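Accompanying notes for the structure given below.
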Amino acid sequence: MTTTARDVAAALSQRVPHLGTRKLHPLLYYCQGHHLAIADRPLFPETIAAWDDGPTVPALWRDEQPVGSSDNMPESELGIVGYVVSRYSGLSGNDLANLARAEAPWKVADSHRRPGGSVAIEHAWMRDHFRTEGAPLAGDGRLPLDSPAVAELLAGAQQRFDRRYGKPTDIEEGAAGSAAERQGA
């Protein structure tokens with residue numbers, strides 16, 4: 001039995017709560033890319049295309065919830081899905097699209113695409129990228145950064161978080177102050 005993009009989407013949906021379309025398509029791209037690098041064959045037969053919004057599986061674009069089943073997927077393929085989820089699911093759909101658009105497969109496809117158009121992202125481009133720049137680093141057991149694009153995306157993340165939500169000490173002091181106020185009242 002051949003695994004389809006719908007099957008992979010079902011496996012992703014089971015592992016990522018509230019997975020929306022904007023995040024699903026880049027995750028499918030990363031599943032396909034890592035599988036091509038490891039197995040030298042596509043994970044699913046559907047085309048991944050370069051669209052303005054990022055890598056997209058056109059066959060699934062209009063589906064709010066793609067109906068598929070991961071029940072018959074081989075363990076090795078489910079392992080790829082699990083790896084992609086652990087490595088990329090913490091990023092937002094916009095971050096994933098930006099990350100993919102900074103990588104070689106997207107750039108090559110985009111160079112052949114007119115604005116608003118669509119061009120297939122070739123399997124060979126993904127395979128080569130995920131075997132080199134996009135490959136995990138061996139040895140240290142940590143999930144590595146894919147490329148300078150990921151490093152750039154993550155640079156300053158702590159500062160952005162602190163500006164938006166406050167530093168942990170600010171939060172703790174605020175909670176302590178609130179508790180003291182409640183006791184004094």
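Everything numeric in this text was worked out from a predicted model, so none of it was measured.
Screening Leu24, Val85, Val84 against Val16 for a side-chain contact (heavy atoms from CB on, under 4.5 Å) leaves a single residue, Val85.
Remark: the backbone N or O of Asp53 is paired with a side-chain donor or acceptor of Arg101 at under 3.5 angstrom. In this structure, the side chain of Ser89 does not engage the main chain of Ser86 through any donor-acceptor pair within 3.5 Å. Of the possible donor and acceptor atoms, one in the side chain of Lys23 sits under 3.5 Å from a partner among the backbone N and O of Leu91. Using modelled atom types, one side-chain atom of Thr56 and one backbone atom of Gly54 make a donor-acceptor pair closer than 3.5 Å.
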Test side-chain contact (heavy atoms from CB on, under 4.5 Å) on Glu133 and Asp128; report intermediate values, then the result. CA-CA 8 Å; Glu133 295 170 39; Asp128 293 348; over 6 Å; no
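Under the 4.5 Å side-chain criterion, counting only non-hydrogen atoms from C-beta, Cys31 is not in contact with Tyr83. Put simply, the side chain of His34 does not reach to within 4.5 Å of the side chain of Met126, judged on heavy atoms.
Note that CZ of Arg127 and CD of Glu122 are 11.0 Å apart. Values are rounded to the nearest 0.5 Å. With values rounded to the nearest 0.5 angstrom, Lys107 atom NZ is found 13.0 Å from Ile121 atom CD1. Rounded to the nearest 0.5 Å, atoms CZ (Arg22) and OG (Ser92) are 8.0 Å apart. Interatomic distance, OG1 of Thr3 versus CG of Asn72, reported as 8.5 Å (0.5 Å rounding). With values rounded to the nearest 0.5 angstrom, Glu77 atom CD is found 4.5 Å from His35 atom NE2. The line from CG of Leu27 to CG of Leu19 is 6.0 Å long, rounded to the nearest 0.5 Å.
Taking the six-membered ring where the residue is Trp, the centroids of Phe130 and Tyr29 are separated by under 6.0 Å.
Residues passing the side-chain hydrogen bond (donor to acceptor under 3.5 Å, both in side chains) test with Thr4, sequence neighbours excluded: Asp7.
There is a path of hydrophobic side-chain contacts, each under 4.5 Å, that joins Leu78 to Leu12.
Leu99 approaches Glu103 most closely through the heavy-atom pair O-CG, 3.3 Å. Of all heavy-atom pairs spanning Trp106 and Arg113, the tightest one is CZ2-NH2, 4.1 Å. The two residues Leu28 and Ala9 have their closest heavy-atom pair at CD2-N, 3.9 Å. In terms of heavy atoms, His25 sits closest to Val57 at ND1-N, 2.9 Å.
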Name each donor-acceptor pair under 3.5 Å that joins a side chain in residues 37-49 to protein atoms two or more places apart or in another chain, with its distance.
from	atom 1	to	atom 2	distance (Å)
Asp40	OD1	Arg131	NH2	3.3
Glu46	OE1	Ala5	N	2.9

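Using a 30° and 60° split on the angle between ring planes, Tyr30 and Tyr88 fall in the parallel class, below 30°.
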